[in-house]
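Here's the structure, in structure tokens; my notes come after.
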Amino acid sequence: MDDQKKLSFFEKVYILVRMIPEGKVASYGQIAAYLGHPRAARTVGWALHGIPEGSDVPWQRVINNKGRITISNVEYSASLQRDLLEEEGIVFGEDDRVDLRVYRWDGPDWVELESMLRGCL
DNA sequence: ACAATGACATAAG
DNA sequence: GCTTATGCCATTG
């Protein structure tokens, strides 16, 4: 437990987001909490902001805690994100919100996460 | 080390 | 329900 501390928060965020299964969504605060920083939701959002095109990180599955898309990026627009999520079977409500009670990600498999963290080094 | 930044979260009006 | 204000936290210049 003293070897993989070199990974930046950003890298951990990427790894964790990659583990989100198709058809599920997670909030920024949720991701941060799983990484051990329950208040670092903003940092998670910033991490996703720096994702390069063609990355295997399903950034579209990360939304805010209200089940709504809060994005300000010009490259990746909210419309695009909604479209991508709908393709995965996620249905948006009339308020452009998803039902977190149904689509909220249960969380990572800690064994898998640990393996991923080591493998990424 | 300090100030600014940002795809959040929560409380208050 | 929406808008505004405040708090949080890692990264960057």
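Since the structure is predicted, the reported quantities are computational estimates derived from the model, not experimental observations. Here is the naming used below: chain letters follow the sequence lines, and residue numbers restart at 1 for every chain.
- Ring geometry for A/Trp46 versus A/Phe10: interplanar angle of 30 to 60°, hence tilted.
- Side chains of A/Lys24 and A/Glu88 form no contact here, defined as non-hydrogen atoms less than 4.5 Å apart.
- Pairing each heavy atom of A/Arg68 with each of A/Ile63, the nearest pair is O-CB, 3.5 Å.
- Annotation: A/Arg82, atom CZ; neighbour count of heavy atoms from other residues, nucleotides and ligands within 6.0 Å does not exceed 12.
- Side-chain atoms of A/Arg42 and base atoms of C/dG7 include a donor and an acceptor less than 3.5 Å apart.
- Under 3.5 Å, the side chains of A/Arg104 and A/Asn65 contain a donor-acceptor pair of N or O atoms.
- Not one N or O on the side chain of A/Glu112 forms a donor-acceptor pair closer than 3.5 Å with the backbone of A/Met19.
- Judged purely by atom type and a 3.5 angstrom limit, A/Tyr34 has no side-chain atom pairing as donor or acceptor with the backbone of A/Trp110.
- The heavy-atom pair separating A/Glu53 from A/Glu75 by the smallest distance is OE2-OE1, 3.6 Å.
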List, with names and distances, any nitrogen or oxygen atoms from the protein found under 3.5 Å away from nitrogen or oxygen atoms belonging to nucleotides 10-13 of chain C.
unit_1, atom_1, unit_2, atom_2, d
C/dA10, OP1, A/His37, ND1, 2.7
C/dA10, O4', A/Thr43, OG1, 3.3
C/dT11, OP1, A/Phe9, N, 3.0

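- On the nucleic acid side, DNA chain B contacts chain A at distances under 4.0 Å to non-hydrogen atoms, with the end points of that region at B/dT5 to B/dT10.
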